[in-house]
Amino acid sequence: MDNLKAVIETLIFVSDTPITEARIKVILQDIKEKEISSAIHSLIREYEERDGGIFLREIAGGYQFRTGETTAPWVQKLRGQKPGTLSPAAMETLAVVAYRQPVMKSEIEKVRGVDVSGSLRGLLEKNLVRMMGRKNVPGRPIIYGTTRKFLETFGLNTLSDLPTLREFKELEG
Amino acid sequence: MDNLKAVIETLIFVSDTPITEARIKVILQDIKEKEISSAIHSLIREYEERDGGIFLREIAGGYQFRTGETTAPWVQKLRGQKPGTLSPAAMETLAVVAYRQPVMKSEIEKVRGVDVSGSLRGLLEKNLVRMMGRKNVPGRPIIYGTTRKFLETFGLNTLSDLPTLREFKELEG
Amino acid sequence: MTSTAYEIKLDIFEGPLDLLLYLIKKNEVDIYDIPIALITRQYIEYIDAMKTLNLDLAGEYLVLAATLTHIKSRMLLPVSEEEDEEEEDPREELVRQLLEYKAFKEAALGLDRMKILGRDVFGRDYAGDEFEGDAQTIGEIGIFELVEAFRRMSFDTGQKELMEIDIEKISLSDRINDIVDELEKKGECTFTDLLGESSNRRRLIYTFLAILELMKLRIVKAYQSVPYGTIRICLAGE
């Protein structure tokens, strides 16, 4: 395929969620994984060097076109709305879920020292947090974890891309 | 503005419909129309010369990024494989089946207050719901329940991983 | 939350631990060696001021006040000479809790500094009908959406019975589903087959109830060739 890069660029562009290499491979049956991977990375570099308004990013295990950060104020002006942000309480609850998952509600409350029902519910509704199942202890409490949308929202490829919990490591050491 | 082209590219990229020069002008107040116009045409040329998967096109009096024609067959293939989602109506019917099984159609309709033939057929086709048998009452109505695929789709191990309404209410704090 | 004035004041802190961290920072004291008398006094002064504005939310703050007071009293006890070094510092557990909270508070700020989609970076906006999905496959759906759908209905219709779904009912549905699965696969099973090898009391009861329910619904039929003989179960069919 002589226009492999163009085809891959198109597939990434028309996907509404980050598209994985595996997914691209299924569509481009005859092309070797290595070729696909190298074409994608060549595209990423191209957009990086070009340094325009759009960049190809690795998100939630897939690839997606995203705008750069410097142009954000104009997008907000275009949309005419302030971006919906999370409250500090919601952000703290989200941080505990992200780093401690799978985690029970009672564990989050122990860390934060407050009732987290409201913030947890808000995060579930925003689909940043999900119920993962139940813990096999008496009462079988529900355990929570983050979603794919969490990775997409925070621009992470995998959970291991989360910055390390520095202070806490000192304590355990 | 030294990154004018990047800003314009961003604005075109994030718009869900073709964006007009007039609209861009409103957002970039201080920039002259001529500068905007020349930046757009320089971008069009750039994407044309690059000859990749995406092009900047003049559509319906505005500008929009579009994929090129040669890659169309792969886009078709991608779209055909895109996983579907459930409508709110289907989700409600599925919820009644999940929590109330084994359940008759008339019982689902009593809860939902509407005819559920359509959503039930859809759920059967998607193999999320199955016919379990017939109830031994006049008319021998069909009884419905969820499938293994239902568990897989929602990431559940067993049905008892479903949150109970009591647990759900706890989240309201 | 009833008092607006209180809300505004509380907005500064995300909870009692946050307030405590603030006091430690304000007094420029070492978190590993908290001057407990001073901090306790300031903490109580602070929640007293808050209490006059609202009694409701102070609950969690009061628990920590009690903990601090307790630690203070333990600190005043003379340390026994012999076991000097073995003695646990009464502040230890609190310090641990504070450090843990501090770590997550910083992690939360770290998350907030990331390039958040819709705030700092943007993707393409997708017109709704642009892509029609494949009818046969379905992506992973969050369980929350399903429960939300169920809850929505129970409020819409105001049906009380809907609210009474509990774990027992769902466990029974589980067994019913498993048995139908098994019968679809094998055609016919014995009661013992369905009980499985590692059968406990609970499983036995649910299996029994599930079979009764399935028989009542005429989904399965049970046969016994001789009295006290093996019970065979199969799907009733059309």
Side-chain angles (χ1 to χ4, degrees), chain A residues 1 3-17 19 23-24 26-29 43 46-47 50-54 65-68 70-80 105 115-125 130-134 136 139-143 145, chain B residues 1-16 19 23-24 26-29 31 39 43 46-47 50-55 65-83 154-158 160-164 167-173:
Chain A
M1 197 184 292
N3 62 342
L4 179 64
K5 258 166 70 177
V7 171
I8 290 175
E9 186 176 79
T10 303
L11 293 175
I12 297 172
F13 182 77
V14 299
S15 292
D16 53 356
T17 50
I19 186 169
R23 190 85 200 284
I24 296 173
V26 170
I27 292 155
L28 309 180
Q29 286 157 343
L43 279 168
E46 231 174 78
Y47 278 94
R50 182 174 165 272
D51 198 23
I54 355 177
F65 280 107
R66 291 208 169 174
T67 63
T70 54
T71 53
W74 284 278
V75 179
Q76 277 156 23
K77 208 167 164 191
L78 175 75
R79 300 206 166 161
K105 184 174 168 240
D115 175 59
V116 299
S117 305
S119 57
L120 198 53
R121 194 185 152 78
L123 293 169
L124 284 162
E125 275 169 6
R130 68 190 170 110
M131 295 171 178
M132 294 181 82
R134 291 176 185 278
N136 215 5
R140 303 197 66 229
I142 293 175
I143 45 179
Chain B
M1 197 186 290
D2 52 351
N3 62 341
L4 179 64
K5 260 167 67 179
V7 171
I8 290 175
E9 185 176 80
T10 302
L11 292 175
I12 298 171
F13 176 76
V14 299
S15 293
D16 52 355
I19 187 169
R23 187 81 202 285
I24 296 173
V26 171
I27 292 154
L28 310 179
Q29 285 158 345
I31 313 295
L43 279 169
E46 228 175 82
Y47 277 95
R50 184 174 164 271
D51 198 23
I54 344 178
F55 296 88
F65 280 107
R66 292 259 169 132
T67 59
E69 292 81 45
T70 54
T71 54
W74 285 279
V75 177
Q76 293 294 328
K77 208 166 168 189
L78 177 76
R79 289 185 185 178
Q81 290 176 350
K82 190 178 187 289
F154 286 89
L156 298 167
N157 204 12
T158 68
S160 39
D161 287 337
L162 276 171
T164 63
E167 286 169 320
F168 201 81
K169 280 170 95 180
E170 273 171 26
L171 284 176
E172 284 164 8

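Below, read A as the first sequence line, B as the second, and so on, with proteins coming before strands; counting in each chain starts at 1.
Between the side chains of Thr10(A) and Thr67(B), no donor N or O sits under 3.5 Å from an acceptor N or O.
Here the side chain of Arg23(B) pairs a donor or acceptor atom with the backbone of Leu78(A) at under 3.5 angstrom. No donor-acceptor pair closer than 3.5 Å links the side chain of Glu9(B) to the backbone N or O of Leu43(B).
Both the backbone and the side chain of Ile27(A) come within less than 4.5 Å of a heavy atom of chain B. Of the atoms belonging to Ile24(A), not a single heavy atom falls under 4.5 Å from chain B.
Ranked by non-hydrogen atom pairs under 4.5 Å with chain A, the options Pro73(B), Gly68(B), Gly53(B) are led by Gly53(B). Of the listed residues (Asn3(A), Thr71(A), Leu28(A)), the greatest number of heavy-atom pairs within a distance under 4.5 Å of chain B belongs to Thr71(A). With chain B as partner, the option from Val26(A), Leu124(A), Ile54(A) having the largest number of non-hydrogen pairs under 4.5 angstrom is Ile54(A). When each of Leu120(A), Leu11(A), Val116(A) is scored by its heavy-atom pairs under 4.5 Å with chain B, the top score falls to Leu11(A).
Salt bridge status for Glu167(B) with Arg134(A): present, with a side-chain N to carboxylate O gap under 4.0 Å.
Glu125(A) pairs by the side chain to side chain contact (heavy atoms under 4.5 Å, CB included) definition with Arg121(A), Phe144(C), not counting sequence neighbours.
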